[in-house]
Each structure stands twice: as C-alpha cells, then as structure tokens.
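This report concerns only the one structure given below.
Keep in mind that this is a model prediction, so the values were computed, not measured.
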Amino acid sequence: MSKEDVRQSLTNIYNDLEANDDKYKFKNFEMFSTNYIIEFIKLNDSELFARIGKQANENTIGKRDFVTGNLINIELQDNENIESYTYLYLDFSNMILSYLVLSGTPSKTIFSNFINDMIDNVEFTCVPITTDDVIRKLASKSTLGTIEFSYCNPKNEVIKDIPGINKRSLQNLNTDKSVITVSLRPARSKSITHRIEDIFNIKETLISEHGDNLKSLKLNAKNEEEEMINYNLLDYKFSTYTYIDMLLLNTADDFYKIIIREYNNMKNTLEDYIQ
C-alpha cells in the first residue's frame, strides 16, 4: 500500500464511526478478552492523532484525601469504567508512528490489530525503525551518555551475584527469576567515553558472558543542541523518555503538544533510517 492508500483506509474507518460529546470519532472493541476504545482526536491530510483506552479494574483504584488519609471508593454507573490510555501520532508524510505510553497502558500492537479488524484483505503492521549501522551512527555523536544493561541469572543460579545482599539471605525465598539492571552514568554533561570502540567491546563482552540471558543494552547519545536519544543496542529500536506532570495536563491537546515535541526532536534521525 502507498502512503495515500494508508491515509485513505484510515479515513474510511473514521468516516464510519460515531462521534462522542467532544466530537471525537470513537469505536469500542474487544481484544485478548480486554475491552478497549479508540478515539480519533485529529485526522487530516497530514496527520493522525488518536487515543486508545484500556478498561481498568475500578476495585484496585481509589481517591485518597492526603490530609486525612481517608480512601474514597470510585463509584461508577453501569455504562462507565475506569481506563488507562495511550496516545498515538502518525505522520502521513513518512508513515512514522509515535506513541506516548505510560506503564500499564495499551501498546501499539492494539492499534495495528484494531486496523486489521476493520479492513478486509490487508495486514497493517507497526514495524520498529531499525538499523544495522547504529554503531557508526553513535560514532558521529559528540556525547555518549548513560549505558544501561539488564540480564537474567540462569535458572540453576537464580540468586547468583545479586549486588547489595548476600546469597544466604535469599536462599529461603521462592525465587523463579532474577533480573539485574546495571546503569553506568558519566558526570553531568560529560561523555562516558570518547571511543565508540569501548561501547562495541562492552556489547560483545556482555553477549559473550550472558548470551540469551542479556535482555537489554541501551545507550544515550546526542550532538550539541540535540536532545538525548536512547539507542537500544540489541535490537536497534529508538525510544525516548519524557517527564509529565499530570496535574498540569487537562486536555487531549496538552498530550498532542508533548508527543509532537518529542517526535520533532527525533524526526530527522528517524527519517535517516527509513530512506
């Protein structure tokens, strides 16, 4: 499908949906035995901005008065529920999909599965932007920041070499899995190394030492006047983290501005890898 075909397919879905009181087109759907709802907040010739909500269990959520310490249950009507949500932004000029995800919120997979359920004879897939040349890309950066990696201990040595506590203290625990995360941080505004070979050597050493038990290896890097970008050195996916003060966010447009800001910070880099 061409870019125009994708845009037109999404427009066709949009045109068949009902609008809510906010004038957002929406659709309820079920996936993996969980209830979801998608709202198309913006859709035009250049972009799509949408929100996917996932039904949450209201019995595990409450309101608390932090002065008195009293917990107040949330009472819902029969046609109401509590939900967590993910925001999606699709740039039709290059088909780069960005998503603003909080812990426990719907993943991008739910979006692609929803589209596939709505369109016959077409498989819509969200594919991560990747590059086998990421080491050379990092070599061009002026600042190489924090290195972070995670690995699992093997099953037969699940409590082996866990920092900060001796093995004897853990022996009586029913532990099936242990994941150790190590973060190596340089001084503020400094580079952790000026030799990309050091990063390459660390990667090779970790793979040799842990094999399939190595779960993640990430490095922050940037040039002058750039925002830090998080590079996953195992699968070469791009991700970035942003801090959100939920008390200052009142509308969907507030989230739109955040996702646009983060996307624009990475847009040129991402487009380098989709040419």
Checklist entry - With ring centroids as reference points, do Tyr36 and Phe114 lie under 6.0 angstrom apart? => result no
Next on the checklist: Main chain of Lys23, side chain of Asn20: is a donor-acceptor contact present, judged purely on distance under 3.5 Å?
Outcome noted: yes
Next on the checklist: Are the side chains of Val158 and Asp176 in contact, using a 4.5 Å heavy-atom criterion?
Outcome noted: no
Next on the checklist: Looking at Thr193, is its backbone amide N or carbonyl O close enough to the side chain of Ser191 to form a donor-acceptor pair, meaning the two atoms are under 3.5 Å apart?
Outcome noted: yes
Checklist entry - Should the heavy atoms of other residues, nucleotides or ligands under 6.0 Å from CG of Asn79 be counted, would the total exceed 12? => result yes
Checklist entry - Within the distance-only criterion (no hydrogens, no angle test), does the side chain of Asp254 pair as donor or acceptor with the backbone N or O of Thr251 below 3.5 angstrom? => result yes
Checklist entry - Have Arg51 and Tyr85 got a donor and an acceptor in their side chains that come within less than 3.5 Å? => result no
Checklist entry - Is the backbone N or O of Phe149 less than 3.5 Å from a side-chain atom of Ser216, with the two atoms forming a donor-acceptor pair by type? => result no
Checklist entry - How about Leu184 and Glu148: do any of their side-chain heavy atoms sit closer than 4.5 Å? => result no
Item to check | Test log, rule ring pair (Phe, Tyr, Trp, His ring centres under 6.0 Å), inputs Tyr87 and Tyr99 | outcome: CA-CA 6 Å; Tyr87 285 96; Tyr99 47 101; over 10 Å; no
Checklist outcome for this item: Between the CD1 atom in Ile110 and the CD1 atom in Ile38, the distance rounded to the nearest 0.5 Å is 10.5 Å
Item to check | Atom pair NZ (Lys203) and CG (Asp198), whose distance is rounded to the nearest 0.5 Å | outcome: 15.0 Å
Item to check | Side-chain (Glu226) to main-chain (Asn223) donor-acceptor, under 3.5 angstrom | outcome: yes
Item to check | Validation row, ring centre Tyr263 to ring centre Tyr89 under 6.0 Å | outcome: yes
Checklist entry - Which distance, rounded to the nearest 0.5 Å, do you find between the OG1 of Thr143 and the CD1 of Ile192? => result 12.0 Å
Item to check | Value rounded to 0.5 Å, distance of CZ in Arg261 from CG in Asn265 | outcome: 7.5 Å
Next on the checklist: Would you say that Asp117 contacts Met31 through its side chain, given a criterion of any heavy-atom pair below 4.5 Å between the two side chains?
Outcome noted: yes
Item to check | Thr146 to Ser183 - nearest heavy-atom pair and separation | outcome: CG2-OG, 3.4 Å
Checklist entry - Taking C-beta and beyond as the side chain, do Leu17 and Lys27 meet within less than 4.5 Å on heavy atoms? => result yes
Next on the checklist: Could you tell me if the side chain of Ser150 sits less than 4.5 Å from the side chain of Ile180, heavy atoms only?
Outcome noted: no
Item to check | cation_pi(Lys42, Tyr256) dist<6.0 Å, angle<=45 | outcome: yes
Checklist entry - Within the side chain of Asp22, is there an N or O that forms a donor-acceptor pair under 3.5 Å with the backbone of Tyr24? => result no
Item to check | Donor-acceptor contact present, side-chain Glu80 to main-chain Gln77, <3.5 Å | outcome: yes
Checklist entry - Does Met118 share a hydrophobic cluster with Tyr14, counting links as ILVMFWY side-chain heavy atoms below 4.5 Å and allowing steps through other members? => result yes
Do any side-chain atoms of residues 61-71 form donor-acceptor pairs under 3.5 angstrom with protein atoms, and if so which ones, sequence neighbours left out?
from, atom 1, to, atom 2, distance (Å)
Arg64, NH1, Gly69, O, 2.9
Asp65, OD1, Val67, N, 2.9
Asp65, OD1, Thr68, N, 3.2
Thr68, OG1, Asn70, N, 3.2
Thr68, OG1, Asn70, ND2, 3.0

Next on the checklist: Quick one: does any side-chain atom of Asp5 pair with a main-chain N or O of Ser2 as donor and acceptor, under 3.5 Å?
Outcome noted: yes
Next on the checklist: When you measure from the side chain of Lys3 to the backbone of Ser93, do you find a donor-acceptor pair of N or O atoms at a distance under 3.5 Å?
Outcome noted: yes
Next on the checklist: Any side-chain to backbone donor/acceptor pair from Asn166 onto Ser169? Under 3.5 Å, distance only.
Outcome noted: yes
Next on the checklist: Other residues, nucleotides and ligands only: do more than 12 of their heavy atoms fall within 6.0 Å of CD on Glu30?
Outcome noted: yes
Item to check | Test: Lys25 cationic atom under 6.0 Å from Phe40 six-membered ring centre, within 45° of axis | outcome: no
